[in-house]
Participant: 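Sharing a structure below in structure tokens format, with a few things to ask.
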Amino acid sequence: MASRNRKGTVSLRQVSGSARSKKVRVDLGEEASFTGLPAPVKVGDASYFLVRGRDGYKLLSTVCPHQGGEVMDEGDDLFVCDGHGWQYDKSEGACAGRPDFGMKAFLVTVRENRLVALVPD
């Protein structure tokens, strides 16, 4: 039996398929070369912060999830968005005022003492 969508609705399959982006593995360098975290990292045109949280290393996007401003590291205890001042934890990227909301995070693994990230192409 074929499933039908009512006019103007979108199926979960359509959303899931169109929302996915191709991911690529990127060698960030020797683990020992990252002596101070968070560390700014550039991959192509995208900017990230390399952090180490509860689950190990990850890259946090510098694009603010609130309204797309730039999240900056001004040396304090929290990252801060330049647009509306939203603040994020430096180890996990969770929003200080809304723990259920956070910076976009990407997996980083350690392979043969090198950090390898899985980021959007």
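Quick note: residue numbers are just sequence positions, from 1.
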Participant: Pro65 versus Tyr88: any side-chain heavy-atom pair under 4.5 Å?
Facilitator: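 Of all side-chain heavy-atom pairs linking Tyr88 with Pro65, at least one is under 4.5 Å.
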
Participant: Could you check whether Lys90 pairs with Asp73 (Lys NZ or Arg NE/NH1/NH2 to Asp/Glu carboxylate O, under 4.0 Å)?
Facilitator: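 Salt bridge: yes.
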
Participant: Flag the pair Leu115 / Phe34 as yes when at least one side-chain heavy-atom distance between them is below 4.5 Å, and no otherwise.
Facilitator: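 The answer is yes; the side chains approach within 4.5 Å.
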
Participant: Can you tell if the side chain of Tyr48 reaches within under 4.5 Å of the side chain of Val43, non-hydrogen atoms only?
Facilitator: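 The answer is yes; the side chains approach within 4.5 Å.
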
Participant: Same cluster or not: are Met103 and Leu118 linked, directly or through other Ile, Leu, Val, Met, Phe, Trp or Tyr residues, by side-chain heavy atoms under 4.5 angstrom apart?
Facilitator: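 No, because Met103 and Leu118 fall into different hydrophobic clusters, even though each may have its own neighbours under 4.5 Å.
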
Participant: For a quick test of reading the model, state the closest non-hydrogen atom pair linking Ala96 to Leu78 and the distance between them.
Facilitator: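 The answer is CB-CD1, 4.2 Å.
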
Participant: Out of curiosity, does Phe106 fall in the hydrophobic cluster containing Val51 (side-chain heavy atoms, cut-off under 4.5 Å, transitive links)?
Facilitator: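 No, because Val51 and Phe106 fall into different hydrophobic clusters, even though each may have its own neighbours under 4.5 Å.
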
Participant: So do Phe49 and Leu37 actually touch side chain to side chain, heavy atoms under 4.5 Å?
Facilitator: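 The answer is no, as the side chains (C-beta and beyond) never meet within the 4.5 Å cut-off.
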
Participant: Is there a donor-acceptor pair closer than 3.5 Å between any side-chain N or O of Asp82 and the backbone N or O of Glu70?
Facilitator: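 Here the side-chain-to-backbone pair exists.
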
Participant: Which label fits His66 and Trp86: parallel for a plane angle under 30°, tilted from 30 to 60°, or perpendicular past 60°?
Facilitator: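 Parallel.
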
Participant: In this structure, are over 12 heavy atoms from other groups packed under 6.0 Å from Asp77 atom CG?
Facilitator: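 Result for CG/Asp77: open.
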
Participant: Side-chain contact test, heavy atoms from C-beta onward, threshold under 4.5 Å: evaluate it for Tyr57 versus Val110 and give yes or no.
Facilitator: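 Yes - at least one pair of side-chain heavy atoms lies under 4.5 Å apart.
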
Participant: Does Arg54 offer a backbone N or O that forms a donor-acceptor pair with the side chain of Glu92 under 3.5 Å?
Facilitator: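 Yes; judged by distance alone, with no hydrogens or angles, the pair exists.
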
Participant: With a 4.5 Å cut-off on side-chain heavy atoms, are Val63 and Val71 touching?
Facilitator: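 No; the side chains remain at least 4.5 Å from each other.
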
Participant: Please go through Val80's hydrophobic cluster and name the other residues, only I, L, V, M, F, W, Y counting, with side-chain heavy atoms under 4.5 Å joining them.
Facilitator: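 ILVMFWY cluster around Val80 holds nothing else.
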
Participant: CZ of Arg25: more than 12 outside heavy atoms within 6.0 angstrom?
Facilitator: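 Open: at most 12 neighbouring heavy atoms sit under 6.0 Å from CZ of Arg25.
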
Participant: According to a 4.5 Å side-chain heavy-atom criterion applied to Ile, Leu, Val, Met, Phe, Trp and Tyr, with indirect links allowed, do Leu59 and Val24 form part of one hydrophobic cluster?
Facilitator: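 Same cluster: Leu59 reaches Val24 through Ile, Leu, Val, Met, Phe, Trp or Tyr contacts under 4.5 Å.
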
Participant: Can you tell me if Glu74 has over 12 outside heavy atoms packed within less than 6.0 Å of its CD?
Facilitator: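 More than 12 within 6.0 Å, yes.
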
Participant: Check whether any side-chain N or O of Thr62 sits under 3.5 Å from a backbone N or O of Ser47 as a donor-acceptor pair, and report yes or no.
Facilitator: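 Yes; at least one donor-acceptor contact below 3.5 Å.
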
Participant: More than 12 non-hydrogen atoms from neighbouring residues, nucleotides or ligands closer than 6.0 Å to CG on Asp45, yes or no?
Facilitator: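 No.
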
Participant: Using a 4.5 Å cut-off on heavy atoms from C-beta on, say whether the side chain of Leu28 contacts that of Val116.
Facilitator: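 When only atoms from C-beta onward are counted, Leu28 and Val116 do not touch, as no gap falls below 4.5 Å.
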
